[in-house]
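Following: one structure in structure tokens, then a few remarks.
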Amino acid sequence: MKPPLGFGPLDLARSPFILFWEITRACALACRHCRATAMPRMDPAQLDHEESLRLLDEIAELDPKMLVLTGGDPMMRPDLLDLIRCAHGEHGIHTSLSPSATPLLLRTDFRELKEAGIQRMSLSLDGASRPSHDEFRGVSHTFDRTLTAVDMAHEAGIPVQINTTIHRGNLHEMEDFADLMYQLNPAMWSVFLIVPTGRAGIEDLPDAEEVELMLERLYEIARDAPFDVKTTEGHHYRRIVVQHERSAERVVRRAPPGIRDGRGVAFISHTGDISPSGFLPLVAGNVREDSLCEIYREHPLFVNLRNHDRLKGKCGGCEFRTLCGGSRSRALSVHGDVFAEDPLCAYQPRGGQAVVA
């Protein structure tokens with residue numbers, strides 16, 4: 001069994017900090033931003049039980065700091081508990097679960113999930129009120145189900161992470177989101193800056209200047225919050241923290257600096273495709289045919305994504321490029337070039353020596 005999760009020294013060229021495994025694409029929701037374009041039933045081409053167990057052996061060899069079982073809705077896999085027990089019980093992998101807020105989730109015994117080995121559960125709130133969240137998720141009652149699931153996780157002793165997708169339509173709800181987080185008391189609030197892929201489009205992107213103001217406000221919230229705050233695909237939040245504190249210490253406590261798609265992050269699809277992240281749909285191999293470890297460590301796509309010198313535009317000339325590096329997923333979606341500048345960063349680089357943690 002591995003020791004409790006801690007950052008410690010990390011060699012991101014050898015092992016990802018976080019590995020996402022989409023164990024199924026089946027889901028009962030129809031979320032507007034869905035990266036996976038989820039479907040009502042399980043894909044017969046998804047990795048079966050035996051293939052999944054073999055994959056967990058490979059994941060253990062790759063040695064990520066955290067494995068996230070996601071989807072679709074992972075609750076729709078009938079062998080979910082077996083996979084959790086194998087991941088955590090047999091291999092000692094820090095395992096998290098990212099379910100959808102459906103009636104199926106509320107019928108689940110959360111204590112059984114905890115006993116199987118789930119060490120964190122992430123739940124999504126993309127609207128700060130019932131109407132805005134349910135409209136975004138495409139199904140009524142998901143807001144109420146999410147709040148109930150948070151209570152159930154607290155009662156079972158499972159730390160909760162709340163994921164919030166920020167887009168043009170809900171940017172004005174930031175203060176209400178913050179108030180809601182204080183009510184729910186999660187272990188972490190993860191603010192995801194939308195990437196136009198899957199069902200999300202370019203029209204969902206806010207303006208870069210609006211994002212800058214939002215991230216500044218997020219920093220103010222995080223200073224006094226009783227919960228941790230981090231961003232996903234909003235890497236320039238790290239710059240804002242350093243600009244205010246002259247140190248990356250607070251960034252490091254939430255996630256090691258410099259992590260981005262392919263650099264500390266990897267993704268495995270329901271059919272075994274290996275990509276730098278779920279929002280960067282470039283396939284470097286498939287676990288049915290290729291070595292997961294070799295793909296992450298040696299494939300040119302991953303190797304190049306870890307190279308700060310490959311970045312272009314503002315990101316390439318930015319003094320915060322090693323700490324941030326911008327969203328490679330959003331660069332590809334908007335510019336068609338995975339190394340282009342992040343279109344949602346308003347910062348104008350000053351050049352000079354790179355800022356490192």
Side-chain angles (χ1 to χ4, degrees), residues 7 9-22 35-36 55 58-59 61-68 70 190 192-198 230-239 251 254-287 289-316 318 320-345 354 356-357:
F7 297 152
L10 285 178
D11 182 356
L12 298 181
R14 181 168 181 80
S15 301
F17 176 74
I18 186 166
L19 175 64
F20 296 91
W21 176 17
E22 174 192 73
R35 162 205 60 77
L55 174 57
E58 279 208 77
I59 290 174
E61 183 182 352
L62 184 61
D63 193 27
K65 289 290 183 183
M66 183 183 299
L67 170 65
V68 178
T70 183
S190 177
F192 168 71
L193 194 52
I194 196 164
V195 173
T197 188
K230 78 175 185 72
T231 54
T232 301
E233 300 297 343
H235 310 306
H236 32 313
Y237 175 67
R238 303 166 187 162
R239 163 183 53 83
V251 177
R254 286 156 176 78
I259 283 182
R260 56 179 183 265
D261 309 322
R263 188 177 191 274
V265 179
F267 175 85
I268 302 168
S269 80
H270 68 298
T271 57
D273 285 340
I274 306 167
S275 299
S277 85
F279 305 99
L280 187 56
L282 299 179
V283 177
N286 187 285
V287 299
E289 304 155 359
D290 304 298
S291 163
L292 174 62
C293 294
E294 289 181 6
I295 292 294
Y296 180 80
R297 295 166 183 167
E298 301 174 16
H299 192 281
L301 175 60
F302 281 85
V303 172
N304 287 330
L305 283 169
R306 290 194 287 267
N307 184 355
H308 303 297
D309 294 334
R310 295 299 300 269
L311 301 178
K312 301 176 183 177
K314 289 196 305 180
C315 287
C318 184
F320 294 99
R321 63 188 176 277
T322 62
L323 186 72
C324 168
S327 170
R328 301 301 95 220
S329 298
R330 203 157 39 244
L332 179 66
S333 296
V334 174
H335 300 301
D337 183 349
V338 71
F339 299 109
E341 63 187 51
D342 187 336
L344 290 194
C345 181
V356 296

side-chain contact (heavy atoms from CB on, under 4.5 Å) between Ile259 and Arg238, worked out: CA-CA 11 Å; Ile259 283 182; Arg238 303 166 187 162; 4.0 Å; yes

Quick one: are Leu193 and Thr231 in side-chain contact, heavy atoms under 4.5 Å? no

So which atom in Phe339 and which in Arg310 form the shortest heavy-atom distance, rounded to 0.1 Å? CB-O, 3.3 Å

Passing option when Phe279 is tested against Pro276, Ser275, Ser277 for side-chain contact (heavy atoms from CB on, under 4.5 Å): Ser277

Provide the closest heavy-atom pair for Lys230 versus Ser190 in the form atom of the first, atom of the second, distance. NZ-OG, 3.2 Å

Heavy atoms only: give me the nearest Tyr296-Val265 pair and the separation to one decimal. CE1-O, 4.0 Å

Could you give the distance from CD1 (Ile268) to CG (Leu67), rounded to the nearest 0.5 Å? 8.0 Å

To the nearest 0.5 Å, atom CD of Glu233 lies from atom CD1 of Ile194 at 11.5 Å

Glu58 and Val287 have their tightest heavy-atom pair at OE2-O, 4.1 Å

Give a yes-or-no answer on whether the side chains of Ser15 and Asp63 include a donor-acceptor pair shorter than 3.5 Å. no

Check each of Arg330, Arg321, Arg260 against Asp342 using the salt bridge (charged side-chain N to carboxylate O under 4.0 Å, His left out) test, and report the only one that passes. Arg330

Pair Ser329, Ser327: side-chain N/O donor-acceptor within cut-off below 3.5 Å: no

At what distance, to the nearest 0.5 angstrom, does SG of Cys345 lie from NE2 of His236? 5.0 Å

Does Glu61, at its CD atom, have more than 12 non-hydrogen atoms belonging to other residues, nucleotides or ligands within less than 6.0 Å? no

For the CD1 atom of Ile274 and the CG atom of Leu55, what is their distance to the nearest 0.5 Å? 8.5 Å

Minimum-distance pair of heavy atoms, taken over all atoms of Phe192 and Val195: CZ-N, 3.9 Å

Any donor-acceptor pair under 3.5 Å from Arg328 side chain to Val338 backbone: yes

Rounded distance (nearest 0.5 Å) linking atom CG of Asn304 with atom CG of Asp309: 11.0 Å

Report yes or no: does His299 contribute a side-chain atom to a donor-acceptor pair with the main-chain N or O of Leu301 at less than 3.5 Å? yes

Side-chain donor/acceptor of Arg306 to backbone N/O of Arg263, under 3.5 Å: no

Rounded to the nearest 0.5 Å, what separation is found between the CG atom of Asp290 and the CG atom of Asp273? 9.5 Å

Taking all non-hydrogen atoms of both residues into account, name the closest pair between Cys315 and Gly325 and its distance. SG-O, 4.2 Å

